[in-house]
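Side-chain atoms are counted along with the backbone in the values below, which use heavy atoms only and exclude waters and symmetry mates. Keep in mind that this is a model prediction, so the values were computed, not measured.
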Amino acid sequence: MATRYDYGGDEFIFVDFDIEMSLEVNFRVLSVCQEIERQRIDGVIEVCPANASYLVHYDPEAVEPRRLVELLREIEHKAEHIESLSSRLVDIPVLYDDPWTKECAKRFADRHQDPSVSNLEYLMAINGYSSKDEFIAAHSGTPYWVSMIGFVPGTAWGFQMVARERAIQAPKYVRPRTDTPERAVSHGGVFLAIYPVRGPGGYQLLGMTPVPIYDPTATLVDLRERYILALPGDRWKLRPIDMDEFLAIRAAVEAGTYRYRTVAQQFEPARYFRDPPGYLKRLQIEAAGC
Amino acid sequence: MLNVLDGGLQTTVQDAGRFGWYHIGMPPAGAMDQLSFRVGNRLVGNADGAAALEITFAGPVVETTEEAVVAVTGAGLDVRVNGTRVPRWVAHRLRPGDQVACGQAERGVRAYLCVAGGIAIPPLLGSRSTYLLARFGGVEGRRLQAGDRLPVGPVPPQAEALIGRMIPSRFLPALPRDVELRIIMGLCSYRLTADSAGEFLAATWEVSTEADRVGYRLRGPALRFRDREPPFGAGSDASNVVDVGYPVGSVQVPGGQEAILLMRDAVTGGGYATIGTVIHCDLDRLAQAPPGSKVTFRSVDVDEAMRARREYRARIAAIAESLSLFDRVGLFGP
């Protein structure tokens with residue numbers, strides 16, 4: 001579809017590339033957003049990439065709205081396809097089928113499609129898996145591309161890097177919950193999301209990570225500068241863990257000594273699209289050697 | 001130092017806002033009624049963006065440990081210094097040990113207690129504003145409570161001369177219960193049926209009790225979305241889209257059942273169709289509209305939005321000018 005430019009009031013411009021989600025369109029969003037940042041346009045406060053669209057926050061006293069739209073259109077036409085971008089492989093330990101999110105799901109059972117089973121069992125069934133292990137293997141087997149950051153600080157939308165027909169899909173709750181535990185690992189639509197803080201939510205609850213993805217006190221050294229873990233273009237690899245490891249990591253987090261396992265890599269979209277599983281495998285082997 | 005003796009219902013430290021971090025999901029926060037906040041700062045000789053206390057519905061009691069100059073602006077509430085009622089929109093002198101007590105808002109919702117020198121807690125990511133939902137900034141990211149001690153910045157050199165400065169009544173915001181908001185329609189409004197887009201603008205909406213710094217839920221007619229085959233990744237409900245960024249001031253209609261208008265602690269993105277964005281200066285007036293208020297929308301284009309911005313800035317400039325006139329000729333001038 002043709003890119004759509006629209007005014008979000010007098011301080012934002014909304015640019016929509018597509019109504020469908022795909023990695024191709026997200027790479028396009030990132031490439032255009034990087035180019036806007038490189039140009040350092042007077043009056044642009046910041047650029048916020050999203051899945052298939054982006055927002056520009058600007059000061060209309062410094063750049064006239066119609067002029068800014070013209071500049072953004074020019075950049076869109078000039079922006080090259082990204083050949084290579086920085087992309088970290090980030091290890092996210094997950095205790096699937098944990099007691100806390102199951103308890104939460106029970107409390108809000110009246111808002112769920114099928115209160116007779118856990119959220120995990122529900123997603124397992126509607127996505128055609130016959131056992132929990134098989135479902136967990138699929139959910140955690142392939143990394144998630146961080147295609148958007150927002151909602152509240154640190155929430156990352158993760159889009160699993162699998163063929164469309166293999167994407168795990170989940171309806172949102174019939175009515176949203178008013179409470180969700182902090183660090184709950186969840187799935188809604190085709191997206192993974194981890195809750196940075198306790199609060200309302202409508203995604204299906206699958207497990208719990210022991211590591212914070214947002215830290216307002218900036219206690220952990222890796223979160224000191226930006227307060228959040230996610231960067232656009234991260235690949236988050238979920239790793240199933242047991243309760244013992246969960247508690248050990250929690251203890252390290254609470255002692256302030258936990259270090260995230262991340263490997264900085266260059267990601268080349270063209271090579272990915274030629275052979276997605278092969279390229280991901282190669283990056284993972286490369287990361288393991290670091 | 002200001003000692004908090006009673007935190008009131010929801011009193012937070014706020015300034016002009018935290019900008020440049022929307023891309024990590026961090027909304028600007030900051031004073032919800034920027035005009036009242038800025039004018040309060042001008043009264044006590046501060047720069048526009050100095051941090052102040054934002055009072056919600058029912059005010060706090062604070063005690064100063066030093067000489068201070070304070071002014072209360074915004075919502076209509078009773079203000080007392082050591083038990084004696086004093087006017088709002090006026091700069092008052094405080095002596096060490098003086099107590100300021102703010103009562104309940106009878107008109108409007110949010111008042112600003114501004115102090116010469118500003119509230120001088122350490123800024124986070126360039127701002128002292130409190131963002132309650134994610135416990136960020138302000139005092140431990142939370143509302144104030146008894147026992148909090150708030151440092152005050154250096155008092156400007158000619159603080160004596162500030163005492164008694166006031167804002168002429170013709171400049172005071174009217175704080176009407178019912179408000180008309182100017183909106184630029186668009187974003188994902190293509191999802192609405194043509195009838196529903198018209199109905200949204202024609203309807204009178206009511207502010208519900210779920211109205212806070214994150215967003216105002218408005219009750220009104222049910223809106224309908226166009227039928228479609230859901231695009232990949234959007235979700236099955238007709239009001240779902242592949243998740244997008246939400247501008248501050250944008251309006252969404254989850255399930256078509258109620259409208260949510262995002263305010264300065266906005267969630268920065270999500271998967272509900274947004275249908276338009278209220279222009280920035282009109283958010284001040286909504287921030288003063290209590291539950292039960294009637295809200296209507298008027299569609300404007302970007303040129304009219306820019307004219308409204310210029311008028312808003314001219315109004316603040318005129319208030320500043322009236323203060324400098326006051327400084328030259330005093331209360332009983334021409």
Ranked by heavy-atom pairs below 4.5 Å to chain A, first place among B:C281, B:A234, B:P230, B:G20 goes to B:G20

- Query: Is B:F136 close to A:Y227 at the side-chain level, that is, under 4.5 Å between some pair of heavy atoms?
  - Reply: yes

Taken to the nearest 0.5 Å, the spacing of A:D10 CG from B:R182 CZ works out to 9.5 Å

Comparing A:R164, A:H57, A:E64 against chain B, the one with the most heavy-atom pairs below 4.5 Å turns out to be A:R164

Would you check, one step at a time, whether the test side-chain contact (heavy atoms from CB on, under 4.5 Å) holds for B:I24 with A:R226? CA-CA 8 Å; B:I24 72 163; A:R226 296 175 73 245; 3.4 Å; yes

When the 4.5 angstrom heavy-atom criterion is applied to B:M306 and chain A, the contacting part is side chain

**Prompt:** Under a 4.0 Å N-O cut-off, is there an ion pair linking B:D303 with A:R66?
**Reply:** yes

In terms of heavy-atom contacts, A:M148 and B:G270 come closest through CE-N, 4.2 Å

So, the part of B:V300 with a heavy atom under 4.5 Å from chain A: the answer is neither

Between A:E46 and B:W21 the two heavy atoms that sit nearest each other are OE2-N, 3.1 Å

Checklist entry - In this structure, are over 12 heavy atoms from other groups packed under 6.0 Å from A:R166 atom CZ? => result no

When every non-hydrogen atom of B:A134 is compared with those of A:Y214, the smallest separation belongs to O-OH, 2.6 Å

By side-chain contact (heavy atoms from CB on, under 4.5 Å), A:Q169 pairs with (sequence neighbours left out) A:N127, A:V190, B:F232

task = May I ask you to test the A:C48-B:T268 pair for a side-chain heavy-atom distance under 4.5 Å?
result = no

**OP:** For residues B:Y246 and A:F151, establish whether the separation of their ring centroids is below 6.0 Å.
**Re:** no

Hey, is CZ on A:R198 packed in by over 12 heavy atoms from elsewhere, all under 6.0 Å? no

Heavy-atom closest pair (B:Y190 atom, A:R4 atom, distance to 0.1 Å) is CE2-NH2, 3.3 Å

When the 4.5 angstrom heavy-atom criterion is applied to A:A193 and chain B, the contacting part is neither

Contacts of A:W145 meeting side chain to side chain donor-acceptor pair (under 3.5 Å) (sequence neighbours excluded), chain-then-number -> A:N26

Note to self: So for atom CG, which belongs to B:D301, do other residues, nucleotides or ligands contribute more than 12 heavy atoms lying within a distance under 6.0 Å?
What the structure shows: yes

**Prompt:** With a cut-off of 6.0 Å (strictly less than), are more than 12 heavy atoms of other residues, nucleotides or ligands near CZ of B:R226?
**Reply:** yes

Exercise. Could you tell me whether A:E61 and B:R310 make a salt bridge, using a distance below 4.0 angstrom between a side-chain N and a carboxylate O?
Key: no

Applying a strict 4.5 Å limit to non-hydrogen atoms, the region of A:P65 in contact with chain B is side chain

Value for CG (B:D243) from CZ (A:F191), rounded to nearest 0.5 Å, stands at 5.5 Å

Filtered by a 4.5 Å non-hydrogen cutoff, the part of residues 12-22 of chain A contacting chain B is A:F12, A:F14, A:D16, A:I19, A:E20, A:M21

The interface call for B:V244 against chain A, heavy-atom contacts under 4.5 Å, is both

### Message
With a sphere of 6.0 Å drawn around CZ of A:R40, does it hold more than 12 non-hydrogen atoms of other residues, nucleotides or ligands?
### Response
no

Notebook entry, point to check: Is B:R309 close to A:P60 at the side-chain level, that is, under 4.5 Å between some pair of heavy atoms?
Noted result: yes

Notebook entry, point to check: Any side-chain heavy atom of A:E11 sitting closer than 4.5 Å to one from B:V248?
Noted result: no

Highest number of heavy-atom pairs under 4.5 Å with chain A among B:I279, B:V242, B:L187, B:I184 belongs to B:L187

Of all heavy-atom pairs linking B:G245 and A:A50, the shortest is N-CB, 4.0 Å

Bottom line for A:Y54: the part with an atom under 4.5 Å from chain B's heavy atoms is neither

For A:V197 and B:R135 the tightest heavy-atom approach is CG1-NH1, 4.0 Å

Interatomic distance, OH@B:Y22 vs CD1@A:I149, rounded to 0.5 Å, equals 14.5 Å

The interface call for B:N240 against chain A, heavy-atom contacts under 4.5 Å, is side chain

If you tally heavy-atom pairs under 4.5 Å between each of A:I228, A:V47, A:V152 and chain B, the highest tally belongs to A:V152

- Task: Count the heavy atoms of every other residue, nucleotide or ligand shown that sit under 6.0 Å from CZ of B:R313, and state whether that count exceeds 12.
- Result: no

Residues pairing under ring-ring contact (aromatic ring centres under 6.0 Å, His included) where one sits in residues 163-184 of chain A, two or more places apart or in two chains, turn out to be A:H112-A:Y173

I'd like to know whether CZ of A:R28 has more than 12 heavy-atom contacts from other residues, nucleotides or ligands below 6.0 angstrom. yes

